[in-house]
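Step one of this worksheet: look at the structure below.
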Amino acid sequence: MATTINAQEQGKSALILIETQNEWMHKDGKLYKALVKDKEMMHNSITNIEKVLDYARKNNIEVIHVGLRFEKGYPELANGKSGLRKAIPNAGTFLINEFGSQFYETVKPIEGEFVVTGRVGASGFTGSNLDVYLRNNKIENLYLVGYATHVCVESTLRDAHEKGYNTFLISDGTSAFNRTQQDYVLSEVVHHFGEYLTTEEFMNE
């Protein structure tokens, strides 16, 4: 738990929204329907993302949106033979300009919030302009919310730690496919690469 570091006072902070898109969050999203087994955890995470986003906007904490979008035919994934490079084209998810790739209505970007571009991998940093934006704007502390906890959120957490950022996962502002996956990341993974805290703890830091 993030009990010893008041990061918002020690350096510039940003709230990073990872894949807060219709594929995950909307009842008609392909991933919502196919992969999200614990709907209660997902719906709870949406409520908490709305809360932390509102808090960040009111308290001048930078907000950054890290979506995922691919061109028709998925040329960026180069006919991947395994993993996400195979699964994403097979599922037909995150195609640019389609419903699933659009940001979820209640947490979509507003004017002045940075929308990351170029991302092609599990980590929000892979192929994108996220790192250069953070460094140019002297952002040191990253608070992560979004989807899925055990895939792209975890990948971004690990990558951010390796790049030297102070990384925090807002535990109830994320969701995995099921509770077992969620609990494993929180208990066995996060402490190697950062810390986690709840929505209430984030807003009371």
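Bear in mind the structure is a predicted one, so any value in this text is a computation, not a measurement.
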Clusters formed by hydrophobic residues whose side-chain heavy atoms approach within less than 4.5 Å: which one holds Ile110, and what are its other members? none
Out of curiosity, Ser45 OG to Trp24 CH2, how far, rounded to the nearest 0.5 Å? 10.5 Å
Side-chain H-bond candidate by donor/acceptor type, Tyr133 with Glu62, under 3.5 Å: yes
Has the side chain of Asp131 got a donor or acceptor atom that lies under 3.5 Å from a matching backbone atom of Phe125? no
Determine whether the aromatic ring centres of residues Phe168 and Tyr196 are separated by less than 6.0 angstrom. no
Keeping Gln181 on the side-chain end and Ala176 on the backbone end, is there a donor-acceptor pair under 3.5 Å? no
Any donor-acceptor N/O pair, Glu23 side chain to Ser101 backbone, under 3.5 Å: no
Would you say Glu188's side chain and Val185's backbone share a donor-acceptor pair under 3.5 angstrom? no
Aromatic plane relationship, His161 with Phe193 - under 30° parallel, 30 to 60° tilted, over 60° perpendicular: perpendicular
Lys39 side-chain N/O to Val36 backbone N/O, donor-acceptor pair under 3.5 Å: yes
Does the distance from a Lys or Arg side-chain N to an Asp or Glu carboxylate O, for Glu162 and Arg158, drop under 4.0 Å? no
Is it the case that over 12 heavy atoms from other parts of the model lie below 6.0 angstrom from the NZ atom of Lys108? no
Distance in Å, Ile139 CD1 paired with Asn137 CG, rounded so as to fall on 0.5 Å steps: 5.0 Å
Side chain of Arg85, backbone of Ile88: donor and acceptor closer than 3.5 Å? no
Identify whether the distance between the nearest side-chain nitrogen and carboxylate oxygen of Arg57 and Glu113 falls below 4.0 Å. yes
Val189 side chain reached by His150 side chain, heavy atoms, under 4.5 Å: no
With distance as the sole test, does Lys58 use its side chain to make a donor-acceptor pair with the main-chain N or O of Ala56 at under 3.5 Å? no
I'd like to check the salt bridge (Lys or Arg N to Asp or Glu O under 4.0 Å) partners of Asp38; sequence neighbours left out, ordered by chain and number. none
d(Ile170 CD1, Ile49 CD1) to nearest 0.5 Å is 9.0 Å
Donor-acceptor check, side chain of Ser155 to backbone of Val151, threshold 3.5 angstrom: yes or no? yes
Counting distance only, does the side-chain N/O of Gln21 pair as donor-acceptor with the main-chain N or O of Leu68 below 3.5 Å? yes
When the ring centroid of Phe103 is compared with that of His65, is the distance short of 6.0 Å? yes
How about CG on Asn79, more than 12 heavy atoms from neighbouring residues, nucleotides or ligands closer than 6.0 Å, or not? no
Taking atom types as modelled, is there a side-chain donor on Glu50 or Thr106 under 3.5 Å from an acceptor on the other? yes
Are any side-chain N or O atoms of Thr156 and backbone N or O atoms of Gly124, one a donor and one an acceptor, separated by less than 3.5 Å? yes
OH of Tyr147 to OG of Ser175: how many Å apart, nearest 0.5 Å? 6.5 Å
Got a salt bridge between Arg119 and Glu19, using NZ or NE/NH1/NH2 to carboxylate O under 4.0 Å? yes
His26 and Phe99 aromatic centres sub-6.0 Å: yes
Would you kindly say whether Gln182 and Thr174 are connected by a side-chain donor-acceptor distance under 3.5 Å? yes
Between Asp172 and Thr199, do the side chains contain a donor N or O and an acceptor N or O under 3.5 Å apart? yes
